[in-house]
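Data first, discussion second: the structure below is written as structure tokens.
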Amino acid sequence: MTTQSHLERLNPEQRAAIETTEGPLLVLAGAGTGKTRVLTTRFAHILLSGKAKPWQILAVTFTNKAAREMRERISLLIGEPAEGLWLGTFHALCARMLRRHAEYVGLRSGFLILDTDDQLRLVKQVIEPWRIDVKRWPLPGLLGVIQRWKDRGLTPDRVTAAEDNGYADGHAQAIYAAYQTRLRELNACDFGDLMLHIVEILRTRPDVLEQYHRLFRYILVDEYQDTNTVQYLWLRLLARRNDAPSNICCVGDDDQSIYSWRGAEVENILRFEKDFPGAKIIRLERNYRSTAQILGAAAGLIAHNDGRLGKTLRPGREDAEGEPVQIVSIWDSDAEAREVCKRIEALRRDDHTLREIAILVRAGFQTRAFEERLVQFGIPYRIVGGLRFYERAEIRDALAYMRVLVNPVDDLAFERIVNVPKRGVGTAALQKLHAEARTARSGLAVAVENLLQSGAFRGKSQEKLTSLMQTFAQHRRVLEREGHIVAVNGLLEDSGYIEMWRTDNSPDAPGRLENLKELVRALADFGTLGEFLEHVALVMDAEGAAEEDRVSVMTLHGAKGLEFDTVFLPGWEEGVFPSQRTLDEGGDKGLEEERRLAYVGITRARHRAIILHAASRRIYANWQESMPSRFLDELPDEYVEREGETATRRERQDYSGFFRSSVFSDSQNSTMAPLIARKRRTPVHEDLISNTPQIGVGARVFHQKFGYGVVISADHGATEVAFEEAGTRRVMSSYLQTVSG
DNA sequence: GCGAATGTTTTTTTT
DNA sequence: AAACATTCGC
């Protein structure tokens, strides 16, 4: 390949983004404007023009998928396998760096990377001295607080008292410190530490920093709008230098920033010019993906956001006319799923590929309704990003066995599997083990040996534990002599783990055995068990072999970066989308992020986008009315076509106060249902409401179960009451009695 | 220590 | 309604 040929068939902006190699550059790449192409071509261009060797370019992505894709496309461009590159996710690259310098943060190079389960087990141990009420302060929440500090680059000593805002009665910072100490004792890292530690090293060890300054001549960053503070700090440390300009190129789209809940700061991209003086900005605005109508609708929507860097997508294709975005109003959530399936069936009859159809939902729970209906219609589908391979219990168990095999002092893994399958080790025995481990200053495995010696276990557990320990010892020898595949196979078999699933009668047991086989098969791709475990810890997604013709069902977040001919966007209702929780927690900023999510959703579509909303939705067991999403009003009329009933703002109010009548649950034609139901509005529910005493805020009340309390807030059925004994709870107002006093 | 029975909560989004 | 956790009886 010649130096120039890869630059052909690029538009002028893309070309500029590739050829501007020196100095800081921000490429604002709107949806569908060829972002990945620019990134990969730029990488190849730097190589082919001889400006840097492969290992002198740092290329960072957020997902493993993006990293894989980039690697493949670079190989194609340069005509050889792209190996030995610093190309990967933030976490994978940081892990690689941290292995080299672990000792500067009190770790050894072989440190463990913990998964979420391990983290939970660990904080559970750590909080003991504080006697935290885990009912009131759930552990995942505590881990969340710690994670957010880590996202912001705050080591325990950097957390100010003001930051410790109340979680776990204001002990969060102290717990954080203890947790970090415990991690060091275990020679372990959680996910956040990979970033946090390396940033700490780079900011305190100029010599190490300089090493990387010498190494990396060019830095490429994908999805810059999603970087959190530590990631930003890491990039800034690596990019800013005294001796040379910062050859950092960040590609991103402020309109697609949808990960603030994970600590991402849109400000990072908005501030780029200040961070890197002399930065150039190139806008990619020509969209080669979607029709003019889809782009118009998306642009109209996103225009409602403030504080954008400003960018307008223009159709880049000549044939970009097409159908307007459809807004379909439907009676209820069952009808919504049915309607989507009907339309998919129609598309299928017209020879559309199912692979090119997606249903994009706001939150995971929405997928279930579609799943059921798709099955009923006999439409092949796949749920993308549901429970991932490495998150399944059997996979985690098997991995824990492997971890103990390579590392006898991996207590977190050991604790996971001592009693799986059942070996008579319950909470009491486990406590004994911990106590023994503490006094012997050893790992749990050694504690087991000690207690076995002293005969602390009763008959069956004594026997089973002895056998378990022997099995481990034996397969450690096998591991050395015959390699990891044989050893793992034997271990899972002899420990009784495989047998446990074989004798399990539950319907998903065969599937689990299949997964285990798959896992063992994957071992063959790695030279050692250690390598395999490292890969698994960092690459939590397994490559789906699915290139079959199926409809994709996934969350809007999961759909980022993908595109489909036809996209269904159900559930555009207030409370669902925009999500009530985001609104409550994030206010106007939250709303803007939801709007960006809507923008991401619409721009996934090449030819057709169909938005749906239902007037009534089943939540838990009962039905709840819902108003059309405000985003529907924000879509410009000239690009949309509204069908079904009641999609306009004037009629919105009409929704409040009518209930779904069960008489019409199934047989009705969905688009007609609202009309009929409105006429037949049954008085039953109204009776219920009028019979319920309206209790005002501030009233003193009595509840059979919770005792006396004061009403804090009241809406239709649910009332929030601060009880004297039972704390603040939401209860049904019909169960309350007002009392004087 | 285990399984059944009872009570409680659930709906973001993920490297 | 269903999954989940905790309690209870053996």
Side-chain angles (χ1 to χ4, degrees), chain A residues 60-67 88-95 113-116 119 134-135 138-140 143-144 147 150-151 189-196 222-223 226-228 230-231 257-264 333 360-369 372 384-388 390-391 418-419 421-432 457-461 464 536-541 554-560 571 573 575-586 590 593-594 596-598 600-601 617-624 705 726 729-730:
Chain A
V60 205
T61 64
F62 269 85
T63 64
N64 294 298
K65 197 170 148 234
T89 63
F90 277 99
H91 296 275
L93 292 166
C94 284
I113 300 169
L114 302 189
D115 66 23
T116 328
Q119 289 182 49
V134 289
K135 266 253 166 6
L139 293 182
L143 274 173
Q147 186 56 54
K150 291 185 175 179
D151 284 344
C189 260
D190 68 15
F191 244 74
D193 283 338
L194 295 173
M195 297 288 326
L196 185 70
D222 191 15
E223 308 278 20
D226 288 334
T227 49
N228 62 33
V230 233
Q231 289 161 341
S257 161
I258 55 174
Y259 281 110
S260 73
W261 50 271
R262 206 172 70 184
S333 45
L360 307 181
V361 297
R362 173 63 183 88
F365 74 91
Q366 290 171 268
T367 58
R368 182 185 283 174
E372 285 166 6
V384 181
L387 45 136
R388 290 172 302 171
Y390 290 111
E391 275 169 5
V418 242
N419 204 33
K422 298 265 182 290
R423 298 190 181 90
V425 183
T427 36
L430 205 58
Q431 250 159 28
K432 257 191 260 173
F457 297 103
R458 280 188 306 239
K460 226 169 49 181
S461 32
K464 290 193 165 164
V536 168
L538 292 168
V539 184
M540 288 298 284
D541 64 340
M554 64 181 103
T555 64
L556 287 160
H557 285 88
K560 191 160 121 183
E573 293 140 41
V576 177
F577 191 33
S579 128
Q580 192 56 50
R581 183 160 165 188
T582 306
L583 257 33
D584 291 347
E585 286 169 9
E593 180 147 321
E594 294 287 295
R596 290 195 291 266
L597 200 48
V600 168
R617 183 165 295 273
R618 204 212 297 262
I619 302 213
Y620 306 137
N622 41 19
W623 292 88
Q624 206 172 293
K705 193 165 165 200
R729 287 167 187 275
R730 288 183 78 83

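To find a chain, count down the sequence lines: A is the first, B the second, and so on, and within it residues start at 1. These values consider heavy atoms only, across backbone and side chains, with no hydrogens, waters or symmetry-generated copies.
Residues passing the ring pair (Phe, Tyr, Trp, His ring centres under 6.0 Å) test with A:Phe577, sequence neighbours excluded: A:Trp572, A:Phe631. For A:Arg423, the side chain to side chain donor-acceptor pair (under 3.5 Å) criterion is met by A:Tyr401, not counting sequence neighbours. In this view, A:Gln624 and A:Ile619 satisfy the side-chain contact (heavy atoms from CB on, under 4.5 Å) rule, not counting sequence neighbours. Qualifying ring pair (Phe, Tyr, Trp, His ring centres under 6.0 Å) partners for A:Phe457, counting only residues two or more places apart in sequence or in other chains: none. By the side chain to side chain donor-acceptor pair (under 3.5 Å) test, A:Asp190 is found to be paired with A:Lys150, A:Tyr179, residues two or more places apart in sequence or in another chain being considered. Remark: A:Glu593 pairs with A:Ser260, A:Arg596 by the side chain to side chain donor-acceptor pair (under 3.5 Å) rule, at least two apart or across chains. Residues forming a side chain to side chain donor-acceptor pair (under 3.5 Å) with A:Glu372 (at least two apart in sequence, or on another chain): none.
Whole-Å rounding puts the A:Gln624 CD to B:dT11 C1' distance at 12 Å. A straight line from CH2 of A:Trp623 to P of C:dA1 spans 12 Å, rounded to a whole angstrom. Atom pair A:Asp584:CG and B:dT11:C1' shows a separation of 13 Å (rounding to whole Å applied).
Residues A:Val361 and A:Thr367 are in side-chain contact: their nearest non-hydrogen atoms beyond the backbone lie under 4.5 Å apart.
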Encode nucleotides 1-6 of chain B as B, S and - characters from 5' to 3', where the letter depends on protein heavy atoms closer than 4.0 Å: B to the base, S only to sugar-phosphate, - to neither. SSS---
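Rounded to whole Å, the separation between the P atoms of B:dT11 and C:dT6 comes to 16 Å.
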Sort me out a list of protein N/O and nucleotides 13-15 of chain B N/O pairs below 3.5 Å, or just none if empty.
unit_1, atom_1, unit_2, atom_2, d
B:dT13, OP1, A:Gly364, N, 2.3
B:dT13, O2, A:Trp261, NE1, 2.9
B:dT14, O4', A:Arg262, NH1, 3.2
B:dT15, OP2, A:Arg388, NH1, 2.1
B:dT15, OP2, A:Arg388, NH2, 3.3
B:dT15, O3', A:Phe62, O, 2.8
B:dT15, O2, A:His91, NE2, 2.9

